[in-house]
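Reading through the structure tokens given below for one structure.
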There are 2 protein chains.
Amino acid sequence: MPSDRKPYHRADEDTRRQALINATLALVAEGGAQAATVRAIAHKAGVTSGLIRHYFSSKDHLMAAAYAHLMHRMTAHSAAVLRTAPHDPKARLAAFVTAALSPPVVDGEALVLWAAFLQETHRDPAMRQTHAQTYLAFRDQLQSLIADLLGHSDAQALRRLAIACNAVIDGLWMEGCALPNAFAPEELVDLGLRAVGAILGTDLTGGLLQTSPLPLTTNMEVQA
Amino acid sequence: MPSDRKPYHRADEDTRRQALINATLALVAEGGAQAATVRAIAHKAGVTSGLIRHYFSSKDHLMAAAYAHLMHRMTAHSAAVLRTAPHDPKARLAAFVTAALSPPVVDGEALVLWAAFLQETHRDPAMRQTHAQTYLAFRDQLQSLIADLLGHSDAQALRRLAIACNAVIDGLWMEGCALPNAFAPEELVDLGLRAVGAILGTDLTGGLLQTSPLPLTTNMEVQA
DNA sequence: GGCCTTATTATGCGGTTGGATAATTGATAG
DNA sequence: CTATCAATTATCCAACCGCATAATAAGGCC
């Protein structure tokens with residue numbers, strides 16, 4: 001008698017885990033967390049649902065792994081940019097801002113993914129830890145770049161400047177993700193560099209577009 | 001024979017609809033969209049689940065109504081602040097920024113609610129329209145305040161300044177909602193006023209804390 | 001080429017979901 | 001006081017959820 005059982009091939013553990021994680025992220029991006037059911041994930045990964053529990057002890061663990069992978073992808077991108085950036089503090093900060101406001105960080109799916117997992121971080125402690133680590137790592141990196149640029153170390157002032165610059169980047173990131181067609185190419189980066197530059201009282205655009213010297217007495221910090 | 005049926009009282013249509021909407025928002029804030037099941041909503045509203053379909057043609061319609069109510073609450077707050085604000089353009093913009101970065105707009109529940117509904121706006125056309133209307137209305141209001149302050153009408157430059165200032169406000173709003181304990185009272189407002197002021201080349205803090213005159217040649221616009 | 005491990009499929013279960021429908025009861029009008 | 005109507009409750013249903021377990025075959029080993 002012929003078997004109607006689905007044929008299959010055995011795959012590496014890493015391959016399968018990654019396929020399941022990718023399927024999870026794709027489904028969450030498409031239809032929110034509620035769309036990422038075990039059956040839908042398995043189907044998109046080309047396997048049957050039972051396999052999920054063979055590689056992840058529960059669906060929550062798969063979700064946590066997918067979130068960690070997403071966050072790691074973003075932070076790894078920032079780190080890679082800084083690793084290949086020049087030594088000039090101004091250029092380094094500009095490269096950092098540019099990377100944070102360009103693909104693949106700015107992406108139509110990114111915001112939805114971030115929003116979908118935000119709620120999960122409220123319950124799952126592991127995901128909450130991933131969230132806090134990623135967020136503070138980004139802001140600390142930004143703060144150290146600002147410190148290098150301004151050349152001093154008033155911790156309180158640096159913290160405030162980092163918060164403000166981080167807010168600009170986050171806000172532009174949100175707008176760029178939510179309304180990808182509303183901005184010309186590179187417009188988001190240009191806006192980010194100018195806004196961060198205005199807050200810090202510096203010009204980050206590389207001087208190419210600068211029309212007048214920038215007195216350094218008008219940054220946010222000096223106003224305080 | 002005694003009836004074990006739950007006693008009840010009849011209520012106004014508006015009262016019931018509002019109770020169901022409030023219950024929905026509360027549940028979404030607590031546990032994300034997945035926690036807002038028809039049974040949970042009905043229970044929190046003190047009715048039985050069948051009543052939901054008596055007032056809303058489907059659960060999706062209830063979700064859309066809840067989202068519209070949430071957005072209306074926020075925009076109404078901004079509008080009310082502007083209505084009672086003084087006539088000085090600088091003071092009006094400062095009041096607008098202050099309101100956007102203070103309770104009840106900045107609230108521990110607000111971000112989770114916003115994130116939860118963001119995904120729904122991708123599918124439901126009605127919710128997408130609510131989303132776009134609210135977002136653009138806020139930015140347009142901000143842009144007109146900036147226009148009044150700067151006293152000119154270069155549309156392209158105004159749009160860019162509005163986008164940047166909106167990004168600051170959004171970013172600080174996110175941080176304030178996500179990490180309510182990370183900021184001292186009024187710190188968020190202070191940061192917002194200074195950052196927006198730096199971008200526009202103006203001082204919005206009312207001069208109380210200003211230590212030096214602010215040349216107007218360093219705003220984001222002039223750099224371009 | 002047969003065997004053995006285990007990755008993978010297949011099937012079933014208890015619980016929950018959104019929705020439909022029937023039964024009941026509170027308010028109102030006459 | 002009673003009839004009427006609709007607001008509300010109660011019950012049911014098919015579909016789906018995550019998860020557990022049993023059956024099966026793919027691929028490495030000798």
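The sequence lines fix the lettering, A, B, ..., with proteins before strands; numbering per chain opens at 1. Since this is a predicted model, take the numbers as computed values, not measurements.
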Do any side-chain atoms of residues 98-107 of chain B form donor-acceptor pairs under 3.5 angstrom with protein atoms, and if so which ones, sequence neighbours left out?
from	atom 1	to	atom 2	distance (Å)
Thr98(B)	OG1	Ala94(B)	O	2.7
Ser102(B)	OG	Thr98(B)	O	2.5
Asp107(B)	OD2	Glu109(B)	N	2.7
Asp107(B)	OD2	Ala110(B)	N	3.4

Which atom pairs, donor and acceptor, lie under 3.5 Å between side-chain atoms of residues 29-38 of chain B and protein residues at least two apart or in another chain?
from	atom 1	to	atom 2	distance (Å)
Glu30(B)	OE2	Lys44(B)	NZ	2.8
Thr37(B)	OG1	Ala40(B)	N	3.1

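We find that CD of Glu13(A) is positioned 15 Å from C1' of dT5(C), with the value rounded to whole Å. Atom CZ in Arg16(B) sits about 11 Å away from atom P in dA27(C), given to the nearest Å. Distance, Arg17(B) CZ to dT8(D) P: 12 Å, rounded to whole Å. What separates NE2 of His43(A) from P of dG18(D) is a distance of 15 Å, to the nearest Å. Rounded to whole Å, the distance from CG on Asp14(A) to P on dA7(C) is 13 Å. Going from atom CD1 of Ile52(B) over to atom P of dT8(D) covers 13 Å, rounded to whole Å. Per the geometry, CG belonging to Asp4(A) stands 13 Å off C1' belonging to dA23(D), to the nearest Å. Across the protein-nucleic acid pair, His9(A) atom NE2 and dT8(C) atom C1' stand 11 Å apart, rounded to whole Å.
Proximity of a side-chain donor or acceptor of Asp12(A) to a complementary backbone N or O of Asp14(A) within less than 3.5 Å is not detected. Side chain of Arg92(B) to backbone of Pro86(B): a donor-acceptor contact under 3.5 angstrom is found.
One finds no salt bridge joining Glu13(B) and Arg16(B) here, because no Lys/Arg side-chain nitrogen approaches an Asp/Glu carboxylate oxygen to under 4.0 Å.
Note: Leu193(A) CG to Lys90(A) NZ = 12.0 Å, rounded to the nearest 0.5 Å.
Between the base of dG26(C) and the side chain of Arg10(B) there is a donor-acceptor pair shorter than 3.5 Å.
Considering only side-chain N and O atoms, Tyr8(B) lies nowhere under 4.0 angstrom from the phosphate OP1 or OP2 of dA27(C).
Within the 4.0 angstrom heavy-atom criterion, only backbone atoms of the sugar-phosphate kind lie near Tyr55(B); the bases stay farther away.
Each of Leu51(A) and Gln34(B) lies near DNA chain C, and the nucleotide nearest Leu51(A) is the one positioned closer to the 5' end.
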Could you list, one pair per line, each protein nitrogen or oxygen that sits under 3.5 Å from a nitrogen or oxygen of nucleotides 18-22 of chain C, together with the distance?
from	atom 1	to	atom 2	distance (Å)
dG18(C)	OP1	Lys59(B)	NZ	2.7
dG18(C)	OP2	Val38(B)	N	2.8
dG18(C)	N7	Arg39(B)	NH1	2.8
dG18(C)	O6	Arg39(B)	NH2	2.8
dG19(C)	OP2	Lys59(B)	N	3.0
dA20(C)	OP2	Arg53(B)	NE	3.2
dA20(C)	OP2	Arg53(B)	NH1	2.4
dA20(C)	OP2	Arg53(B)	NH2	2.4

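Looking at Thr121(B) and Tyr67(B), their side chains come closer than 4.5 Å, going by heavy atoms from C-beta outward.
Listed nucleotides: dT25(C), dT9(C), dT8(C). Nearest to the side chain of His54(A): dT8(C).
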